[in-house]
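To start, the structure under review is shown below, and the notes come after it.
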2 protein chains.
Amino acid sequence: MTHEARRMTRKSDQTRRRILDAAAATLANRGYAETSIKAIADAVDMKDGSLYYHFESKDALVLEVLRLGTTLAEAAVAEALNGLGDDPDPMEALRTAIVAHASAVLGMGDYPRANVRNFGQLPAAIANAHMVHQQRYGDLWRGLLRAAAASGHLRPDVDAGAMRLLILGALNWAPEWYRPDGGLDPDRIGEQMAAMVLDGLRSARHEGR
Amino acid sequence: MTHEARRMTRKSDQTRRRILDAAAATLANRGYAETSIKAIADAVDMKDGSLYYHFESKDALVLEVLRLGTTLAEAAVAEALNGLGDDPDPMEALRTAIVAHASAVLGMGDYPRANVRNFGQLPAAIANAHMVHQQRYGDLWRGLLRAAAASGHLRPDVDAGAMRLLILGALNWAPEWYRPDGGLDPDRIGEQMAAMVLDGLRSARHEGR
DNA sequence: GCCGGTTTCTAGTAGAGACTAGAAAGCATT
DNA sequence: AATGCTTTCTAGTCTCTACTAGAAACCGGC
């Protein structure tokens, strides 16, 4: 590759990123059905045909947005867990992961939001191709709950698998109703969720399980 | 209306219902984007043009499916709450509503599932028209949580609005992962959710809020 | 100012989707 | 079997979509 080629490539990478950003925004705000190549091209001031220089198909573009979204969320949660040091309290780890995931889907911009909003609305081809990434993130959560259960911190009468899916469901649904302007910020949502999940809604003075 | 007209109308109503059923199934299983008039027509063994004798547009058809879904879920929850008699314990009411809602979205067939699956993926026009029904159902839940909070059964440090949205989010997301064949049935999912929401995941022997 | 490689545009194709007008078919009543 | 109403079909229109081939523009180095 020549000097020019290398510099050009850098510029091409920037354009590529702008396209991805626009696609993520449209996917997050309007959903897959309304995300047309033309809409994305308009957002980056291009003709729709030109996008095919950067991506070989719409599916490839969407898939990369989703992959980046999962990667971002996973990295955020993993980093938050790392901050707890070695061998943390399992319930504290769970709380941390809940807050970090809430922050990711509500406060980290379009990529994670595009991810959760379009989960399940995608054509089978895209959904299947993306499942492998989602799977790895799921494993992280499976590990958290398994650790909590194994150490006896988890109530014995609950199903860890169902808990994982219900918790992530509540958080993944949150972008549907969350509005950044009013009331609670993403971290507070996560803390509220963690409070409910870990200790329940029942007030101490009426306690009596 | 003549005799013939009345009998014919009954038959037309049956066809109308078959179309609605097919639309609900497609919406629930494949989502709005992949729900074409042609796909619905195929499912009821008709040509696509013929559907327009029964519904004036795709939007009108979709909207009616969503309306029926909300109505069904709301009726199921309301009935379950009625079964508790007058002046029930607020936390017991909450538990009952959670189980009933889970049963509705997971076990009552295509209409409620079509509803929650497509929530948020709909074109703005449909979403706005449907909001009024969703709103009324939301009010039912707002009432449940307000009653619990007012009587002191709810922890004072949680936001009732956020709780409502997180709880419904977890349940509405469940159709994305729930598979009827394996493991827990819809009621059990609801009970698991209620257990977590009301009393938390923490085991008694590690308790220490 | 020309060259080579990179990027974008022009101008299409082909297919699918929602929707429509008018013909045709059903069918109960007479 | 003729009538009148209801229901379905035929055969299209029009718009939007993803995608493509080849021309044009750009741009740094000579």
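Remember, predicted model here, so these are calculated numbers, not experimental data. Quick note: numbers below take in every heavy atom, side chains included, and nothing from hydrogens, waters or symmetry partners. Per chain, numbering begins at 1; letters A, B, ... match sequence-line order.
With sequence neighbours excluded, no residue forms a side-chain contact (heavy atoms from CB on, under 4.5 Å) with R146(B).
Side-chain atoms of P112(B) and M108(B), non-hydrogen and from C-beta on, do get closer than 4.5 Å to each other.
If you measure from atom CD1 of I126(B) to atom P of dA18(C), you get 11 Å, rounded to the nearest angstrom.
Taking 4.0 angstrom as the limit, S50(B) places none of its side-chain polar atoms (N or O) nearer than this to OP1 or OP2 of dT7(D). Between dT8(C) and Y53(A), no contact under 4.0 Å exists linking OP1 or OP2 to a side-chain N or O.
Of the candidate nucleotides dA18(D), dC9(C), dC9(D), dA18(D) has the atom lying nearest to any side-chain atom of Y52(A). The side chain of K47(B) lies closest to dT10(D) when the candidates are dC9(C), dA18(D), dT10(D).
Using a 4.0 Å cut-off on heavy atoms, the residues of residues 54-64 of chain A that approach DNA chain C are H54(A), listed by number.
Classified by interplanar angle (parallel below 30°, tilted 30° to 60°, perpendicular above 60°), the ring pair Y137(A)/W141(A) is perpendicular.
The existence of a salt bridge linking R188(A) and D185(A) is excluded, since no basic side-chain nitrogen approaches an acidic carboxylate oxygen closer than 4.0 Å.
A side-chain donor from one of R113(A) and N29(A) sits under 3.5 Å from a side-chain acceptor of the other.
Put simply, the side chain of R155(B) never gets that close to the backbone of L201(A): no donor and acceptor are under 3.5 Å apart.
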